[in-house]
Amino acid sequence: MRAESEGPRRGAGESLGGIRAGNRRPADLLVAAAGTVLLLAVPAVVAMGADPSDPAAPEELRALLPPSLLALVAAVSNIAVLVLAAVVAVERMVRGAFRDLLRGLAAAAFGYGGAGAVNAAVLAVSGPGGPPELLTGTVEAGPLSSPLHAYLAAAIGYVAALGAVRVRRLRTALWSGIAVTALSVLLSGFSTVPALALTALVGATGAALAGYAVGASRPASLAEALLRELRRFGLEPLALEPAGTDGEGDLRFTADLPDRRLDIVLLRADDTPRVLKRLVRVALLRGPVAPPLMLSLGRRLEHAALMSFAARAAGAAVPRIAAIGEPGAGAAALVTEHMRLRTLDEADTGELTGPVLDGLWEELGLLHRHRIAHGSLNGDTVGWTLGGRPAFTGLSSGAVAAPPLKASLDCAALLTLLALRVGAERAVDAAVRVQGLEAVAAVLPLLQPAALPFGLRGRLRGRGEVLGELRTRIIGLAPEAPARPARLERMRPRTVLSFAVATVVGLVLANQLAGVDLSTIAAADPAWAGAAFAAATGCMLAAALALMGFVPFRLPLGMTVLVQYAGSFIRIAAPAGLGTLALNTRYVACQGASPGLAVSAVGLSQAVGLITHVPILLFCAYITGTGRFTDFSPSGTLIGLVVAVVAVAAAVLLVPALRAFVLERVRPYFSGVLPQLLDLLQRPQRLAMGVGGTLLLTVFFVLALYFSVAAFGGEAGIAAVAVVFLAGNAIGSAAPTPGGLGAVEAALLTGLTTVAGVPVAVGLPAVLLFRVLTFWFPVLPGWGAFHLLQRWKAI
């Protein structure tokens with residue numbers, strides 16, 4: 001602990017209310033100014049007619065590698081740069097470094113625009129013969145990429161402006177990909193060494209300009225504001241340290257005074273995640289169970305102080321409030337005397353003896369007798385003082401004058417919390433000893449996830465049997481107890497999500513259907529429609545081959561094809577992929593595989609499908625929209641795809657509910673995959689069959705969509721159609737509707753019109769024909785195959 005004259009220690013990295021201040025460096029301004037001056041001189045030099053007799057990149061250098069190989073190398077490096085840039089963007093968003101990401105995007109925009117501006121200026125001042133050979137290659141490229149390479153300038157600016165990346169290898173890989181792309185452009189004849197040097201200068205100038213315009217991330221210190229508030233109350237701290245966050249997500253600090261320690265909780269007015277979380281629970285749960293909303297900062301502060309005063313007046317072990325301050329606009333500080341606690345999470349199971357458990361129930365009963373409900377019991381809010389007395393913290397979510405239902409909800413939470421530590425039997429027995437059998441029996445209908453605090457529900461994931469054990473124990477002691485769960489939810493989240501998806505899809509389809517003559521479906525060309533039907537039928541054979549390749553023993557081909565048709569019947573009543581996954585697993589198990597082997601084999605087939613789809617999607621997106629490789633810049637389709645993937649990944653990582661939903665959907669596909677994969681690598685023939693069947697399945701689906709478009713006179717590139725199908729299939733797999741119904745149609749139609757350039761009047765009947773052939777038509781033979789396989793006891 002420092003002396004008072006040295007000043008209190010400050011919590012580095014903390015910011016007031018989560019707001020970060022920009023730090024503009026003069027060096028960035030100087031670099032940007034110098035780079036701008038140099039770039040402005042380029043058109044002047046060109047106008048003066050400077051043109052050396054020897055080109056900067058001789059033909060001998062360009063003949064080292066064939067153009068086709070350079071195109072492939074450039075494609076791989078471009079895709080790698082975009083993917084890694086997306087990974088860095090998601091990493092910055094997850095860490096809350098939004099200013100860093102904004103600086104990088106601004107630098108990319110400055111780099112791309114600056115390169116285009118220099119190119120336009122050079123072309124404007126050049127003579128009839130065009131720009132000097134010093135700046136142009138031997139191969140013609142687009143107007144924004146010759147002489148300077150706009151994509152490379154944007155990439156250089158983005159990487160240079162990001163600042164420190166936590167994983168150094170990512171930064172190295174990004175620079176390596178940019179260098180490989182630049183070398184490919186040079187050797188292929190699209191650019192020259194001076195042009196690439198000017199491209200790098202544009203990128204560096206854009207990075208410096210963005211660095212000064214946006215500013216570097218520098219958190220504003222909280223220390224001075226908190227110190228002023230403490231001194232206003234006559235408190236002179238020797239040290240001020242950050243102490244993490246509490247259960248509600250509020251920042252916590254500790255302040256050491258000469259004679260005691262204080263705890264400080266910082267409440268913020270811009271706490272959007274908490275408000276949204278409470279709004280969702282208010283919408284989904286009935287009134288008595290839903291938490292209080294408390295939108296305003298003043299209301300939250302008053303409620304937290306009221307709960308503390310009420311609990312202390314009731315005789316509970318609650319720290320005394322020392323001050324209530326306002327360190328800044330939109331923030332408030334609740335200062336309390338420090339109470340040293342040993343929480344339930346910190347206690348060993350052996351310490352949780354009968355008297356200890358009884359003491360927790362007695363302390364909770366003390367609060368309930370004074371009509372105080374806690375509302376947020378968890379392992380970090382339940383504990384004991386140094387003297388051994390039970391104590392509860394985190395009362396800000398509770399209620400005074402609480403109805404009996406809220407007290408029962410507390411009892412259900414404490415029962416579940418203790419059962420997670422000492423088992424259902426000991427938890428129930430302790431509650432019965434203190435609360436009485438009748439009171440414990442009344443809690444039985446509330447033993448369900450919807451009745452538990454949010455944090456406790458998270459602890460319960462993966463241990464759902466605990467609630468069942470508690471119910472069994474209570475019914476064993478009180479057989480007459482009401483066993484039927486109480487209805488606490490207004491509606492389930494899945495219902496809300498399904499309704500929202502159906503509404504959005506319906507609006508999209510209605511917009512697309514407007515002005516389209518549906519009678520054109522009957523005008524499909526028979527030959528192309530027949531080809532689409534053949535491709536759709538081939539999908540069943542390919543899916544069967546893929547499954548046969550990943551199962552370590554022989555499966556009959558005919559029966560495996562029937563299983564795929566049966567899966568088409570099952571998926572009309574199950575979310576996309578899950579019904580087929582369960583049916584294939586059941587089929588493999590009935591053929592003699594153990595349950596674990598069946599799950600891992602089918603999961604491996606799904607994992608390989610995902611692994612193969614991603615590079616195919618990226619490569620097709622790379623070449624979509626380009627008749628040739630031009631200057632090796634990635635197409636707009638690929639950039640748009642990467643942006644969409646970044647947005648989805650960021651949403652999944654930043655929103656806990658969405659992250660849990662995705663993990664729940666993805667986990668079955670990868671369960672037990674690694675051991676099965678290692679075993680399959682020792683059998684190259686089966687591996688080739690599995691991977692080949694997976695690739696063939698994608699090819700047949702793409703051909704079915706391509707032929708469906710051709711059946712109505714449409715023209716589209718096969719690569720663009722592949723991008724549309726793969727993206728639509730991914731959206732359908734994520735949609736909660738059976739078979740991705742509605743979401744797939746909307747995604748395919750939108751993709752055909754925007755990516756492939758197919759008119760709506762052609763795209764709509766093409767999508768409907770494709771879905772009829774691949775989704776609806778197999779249902780009828782699938783129904784027969786399902787019942788036949790059941791009769792054979794094959795599923």
Side-chain angles (χ1 to χ4, degrees), residues 24-25 27-43 74 77-86 88-89 92 99-123 131 135 141-163 165 170-171 173-186 190-216 630-636 638-640 642-643 646:
R24 292 178 172 84
R25 298 176 299 182
D28 288 335
L29 182 60
L30 293 176
V31 172
T36 302
V37 171
L38 292 176
L39 292 174
L40 290 175
V42 172
S77 61
N78 275 330
I79 292 174
V81 168
L82 281 174
V83 171
L84 292 175
V88 172
R92 295 285 86 188
R99 187 178 293 272
D100 290 350
L101 180 58
L102 178 61
R103 189 171 60 249
L105 294 176
F110 289 152
Y112 194 89
V118 173
N119 286 337
V122 169
L123 293 174
L135 297 178
L144 286 179
S145 297
S146 179
L148 273 62
H149 199 289
Y151 164 70
L152 280 177
I156 292 171
Y158 178 82
V159 180
L162 274 177
V165 178
L170 283 180
R171 193 178 182 88
L174 281 169
W175 283 119
S176 300
I178 293 173
V180 170
T181 302
L183 185 61
S184 301
V185 171
L186 176 65
F190 286 114
S191 190
T192 63
V193 172
L196 289 176
L198 288 176
T199 299
L201 178 60
V202 170
T205 303
L209 185 59
Y212 188 78
V214 178
T630 62
D631 59 352
F632 297 159
S633 295
S635 65
L638 178 60
I639 296 175
V642 171
V643 170
V646 169

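Along the sequence shown, residues carry numbers from 1.
Among residues two or more places apart in sequence or in another chain, the side chain to side chain contact (heavy atoms under 4.5 Å, CB included) test is passed with S176 by T172. Partners of A106 by side chain to side chain contact (heavy atoms under 4.5 Å, CB included), not counting sequence neighbours, listed by chain and number: F110, A210, V214. By the side chain to side chain contact (heavy atoms under 4.5 Å, CB included) test, A182 pairs with L152, L196, sequence neighbours left out.
The shortest distance between side-chain heavy atoms of Y112 and V202 does not fall below 4.5 Å. In this structure the side chain of I178 never reaches within 4.5 angstrom of the side chain of Y158, judged on heavy atoms.
A107 and A161 get closest at one heavy-atom pair: CB-CB, 3.5 Å. Heavy-atom minimum distance, A115 versus A153: CB-CB, 4.1 Å.
Put simply, CG on L198 and CG on L38 are 9.0 Å apart, with the number rounded to the nearest 0.5 Å.
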